[in-house]
Enquirer: 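Pasting in a structure now, in structure tokens, and then I'll have a few things to ask.
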There are 2 protein chains.
Amino acid sequence: MSLSGRLIDAFLALEETRRFSLAAQRCHMSSPAFSQMVARLEDQVGVRLFDRTTRHVTLTPEGEVFAQGARRIASEMRAAIDDLQDRAQRRTGRVSVAGPPSLAADWLPQQLAVFHRRYPGIELRLRDVVSDVCLDTVRRGEADFGLNALPGNSLEFEAVKLLDEPLYLICRADDPLASRRKVRLSHLRQRAFIHTLRSGSVWQHLQPLLRDQDIQDTGFEVDQLGTLAGLVAHGFGISIVPRSALQLCQRDSLAAVPLEGAQASRPIYLVRPRHRSLSTAAAGLWALLLQGVPQLRRAPTSIRPQ
Amino acid sequence: MSLSGRLIDAFLALEETRRFSLAAQRCHMSSPAFSQMVARLEDQVGVRLFDRTTRHVTLTPEGEVFAQGARRIASEMRAAIDDLQDRAQRRTGRVSVAGPPSLAADWLPQQLAVFHRRYPGIELRLRDVVSDVCLDTVRRGEADFGLNALPGNSLEFEAVKLLDEPLYLICRADDPLASRRKVRLSHLRQRAFIHTLRSGSVWQHLQPLLRDQDIQDTGFEVDQLGTLAGLVAHGFGISIVPRSALQLCQRDSLAAVPLEGAQASRPIYLVRPRHRSLSTAAAGLWALLLQGVPQLRRAPTSIRPQ
DNA sequence: GTCAATTACGTTCTCCGTAAGGATG
DNA sequence: CATCCTTACGGAGAACGTAATTGAC
């Protein structure tokens, strides 16, 4: 009632060699054991598959029919196992990561490139998402894991902190604040402020703090960091971005000044579903990202006054 | 290293129910045994297929990949076994018989019709062959078995005699011989004779005997029995056919007279290869033909003088 | 605390290998 | 008579079930 891979292999070996002794040898078994094996197979399928005397071994008509099925079964088995092992060896597979636009601009692609050089067979996908939808993306399985400023519900997600990423004030190069080595939130009092997306992590992080500082909201709420830089450059206000976003704000007329104080940085977590394990490929990328943190700490910060 | 049908079934049961206890029950096993079974499967394929706590069972990404392969494997296994058992039950299959034109004219189709009513799923094929090629057809596997006047080499073929089929003289109704109740070969002395195919069994059977009887050879050698009847009807000569061929010679102007004497009949054997067993379907038809001999003995012989 | 999966362990059964038997050419 | 498949039989290992344990909610 139940075929096994070994029975199929035995059948195919005998079908090819037409000799019990040879086929047994090929299957690394004694001849009697092999004989019993064929008998078991015939018993299980319910029909005689070989005509055999001590001199000749031939397929029965039913055996010839079964041979086709046996080859398909063996092929499917091999394919299934090979596929799995290719994935285990990271020779094939697919990983999808969700991360914030700032990291998706440079560091994540850089890390993905390293990963791709090491495991060229693995298909990669990067979804740039705002903080709000990151966890949803992971929850729905559209990404294997995500990078996010919030670790998510600890019952649902498992998170490890990658690093605390310093925040920077972005202002015009001729702004008085641009000459400071550091700024505090209190320095921003009364200033016009351009928000990044309300659903983004920086906004979520700073919003309660800025409310205390009597910040003047310009009403602008941009999606692309390039747009933000343009607005700041043309005098509509100032803004705050994480260090990894500085590169996207690179303009001659702009300056960046590190924030200091209690909330001068925002965390970045690696977040994955707690109750679903990562694929081997995803686990590999996860580990690589953890190792890649130093490159992130050394992120380019060339926007500087003077 | 070796998947078995039971492991695949276990995997699919768990994949569907997502509960060890339910899946174990469905596989008619205890829960611990089932648990070990899944562990064995995971050990054999080399990767974890399920994420499980005592509360939740989920497929790993690799498990989801494997599920597709597992379904294909299970499907191929089921198909292979079902096909075999359909054939064993004679619900499907194919039989090819080779027989002489005389029997192929009526009796064989009649028997095939009986077989087809009983086993409508089995595909039937009837090859009408002259004696010469009958055994070749069987040897090459183009027919599962044959009907032939010669039993063939007993090392190569296994033959059972169906019956001895009486031979009849075919002549014009106004022939002096037509009024006889029986004729002997000696009565044919000096008569012009029309041969059926030299490769046919009747010719092979009679040729040495006719040579002793100073038979006059017309030079005609026909393929179709209808042609033979036409030649006889128009006075070119006489001929001899087996009883089963009489129906094909049915004409008002013709008469048939049974031969008597030592060689007044030719045998018909069922012949099959000795070293290859018959398919279940073929064995069924073989048995049915053996049972159908009485109908062959009662073959229509309406060609009669007066 | 309860429920579900797992581990522990004794038992049964499958399955292999060695040795003897039987059939074929 | 030589060769090759099969049967017989004993032992090793696999796999199952019962009972105890661990872990999650």
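What you are looking at is a predicted structure, and each value in this text was computed from that prediction instead of being measured. Throughout, a chain's letter reflects where its sequence line sits, starting with A, and its residues are numbered from 1. We use all heavy atoms of the structure for the numbers below, so side chains are in, but hydrogens, waters and symmetry mates are not.
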Enquirer: Please state how far atom NE2 in A/H275 lies from atom C1' in D/dG23, giving the value in whole angstrom units.
Expert: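 My rounded result for the distance is 13 Å.
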Enquirer: When you get a sec, tell me which of D/dT18, C/dG17, D/dT6 is the closest nucleotide to the side chain of B/P32?
Expert: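 Out of D/dT18, C/dG17, D/dT6, the nucleotide with an atom closest to B/P32's side chain is D/dT18.
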Enquirer: Which whole-number value in Å describes the distance from B/R40 CZ to C/dT6 C1'?
Expert: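 Roughly 14 Å, once rounded to whole Å.
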Enquirer: Once you apply a heavy-atom cut-off of 4.0 Å, does B/R18 come out as touching a base, just sugar-phosphate, or nothing?
Expert: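 It contacts nothing in the nucleic acid.
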Enquirer: I need the CE-C1' distance between A/M37 and D/dC5, as an integer number of Å.
Expert: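 Those two atoms, CE and C1', are 17 Å apart.
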Enquirer: Respond yes when some side-chain nitrogen or oxygen of B/R19 is under 4.0 Å from OP1 or OP2 of C/dA5, and no when none is.
Expert: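 Checking B/R19 against C/dA5: no side-chain N or O falls below 4.0 Å of OP1 or OP2.
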Enquirer: Under a 4.0 Å threshold between the charged nitrogen and the carboxylate oxygen, would A/D43 count as salt-bridged to A/R40?
Expert: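 Not counted as a salt bridge, because no side-chain N and carboxylate O are separated by less than 4.0 Å.
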Enquirer: If I take atom CG in residue B/D51 and atom P in nucleotide D/dG23, what distance separates them, rounded to the nearest angstrom?
Expert: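 These atoms are roughly 17 Å apart.
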Enquirer: Between A/Q44 (CD) and C/dC15 (C1'), how many Å, whole number?
Expert: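 Spelled out: CD on A/Q44 to C1' on C/dC15 is 13 Å.
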Enquirer: Hey, does the side chain of A/S35 come within less than 4.0 Å of D/dT7's phosphate (OP1/OP2), counting only N and O?
Expert: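 No, because none of the side-chain N or O atoms of A/S35 sits under 4.0 Å from OP1 or OP2 of D/dT7.
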Enquirer: Are any of the side-chain nitrogens in A/R72 or B/E76 under 4.0 Å away from the carboxylate oxygens of its partner?
Expert: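 Yes, this pair counts.
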Enquirer: I need the B/Q85 CD to B/R78 CZ distance, nearest 0.5 Å.
Expert: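 Output value for this atom pair is 10.5 Å.
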Enquirer: If I take atom CZ in residue A/F20 and atom C1' in nucleotide D/dT7, what distance separates them, rounded to the nearest angstrom?
Expert: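 So the two atoms are 14 Å apart, to the nearest Å.
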Enquirer: Roughly, in whole Å, what's the span from CZ in A/F34 to C1' in C/dC16?
Expert: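 Computing the A/F34:CZ to C/dC16:C1' distance gives 14 Å.
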Enquirer: Just the rounded figure in Å: distance from P of D/dA24 to CZ of B/R52.
Expert: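 Taking atom P of D/dA24 as the reference, CZ of B/R52 is at 14 Å.
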Enquirer: Among the nucleotides C/dT6, D/dC16, C/dC16, which one has an atom lying closest to any side-chain atom of A/R6?
Expert: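 Shortest atom-to-atom distance from the side chain points to C/dC16.
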Enquirer: I'd like to know if B/R266 and B/E165 make a salt bridge, using a cut-off of under 4.0 Å between side-chain N and carboxylate O.
Expert: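 Here B/R266 pairs with B/E165 in a salt bridge, since their nearest N and O are under 4.0 Å apart.
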Enquirer: State which of D/dC4, C/dT6, D/dA24 makes the closest approach to the side chain of B/R55.
Expert: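 Of the options given, the side chain of B/R55 lies nearest D/dA24.
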Enquirer: Looking at the side chain of A/T53, which of C/dT24, C/dG17, C/dA5 is the nearest nucleotide?
Expert: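 Per side-chain heavy atoms of A/T53, the pick is C/dT24.
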Enquirer: Kindly point out which of C/dA8, D/dT7, C/dG25 is positioned nearest to the side chain of B/Q36?
Expert: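 Closest nucleotide among those given: C/dA8.
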Enquirer: Can a side chain N or O of A/S30 be found less than 4.0 Å away from OP1 or OP2 on C/dT18?
Expert: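 So the side-chain polar atoms of A/S30 never come under 4.0 Å of the phosphate oxygens OP1 or OP2 of C/dT18.
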Enquirer: With a 4.0 Å cut-off, would you call B/D136 and B/R139 a salt bridge?
Expert: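 Answer for the salt bridge query: yes.
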Enquirer: Of B/L155 and A/H28, whose nearest nucleotide on DNA chain C comes first from the 5' end?
Expert: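 Result: A/H28.
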Enquirer: Between D/dA24 and A/R274, is there an OP1 or OP2 to side-chain N/O distance shorter than 4.0 Å?
Expert: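 Checking D/dA24 against A/R274, no side-chain N or O comes under 4.0 Å of OP1 or OP2.
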Enquirer: Considering only side-chain heavy atoms of A/T54, which listed nucleotide, C/dG22, C/dG17, C/dA8, is closest?
Expert: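 Closest nucleotide to the A/T54 side chain: C/dG22.
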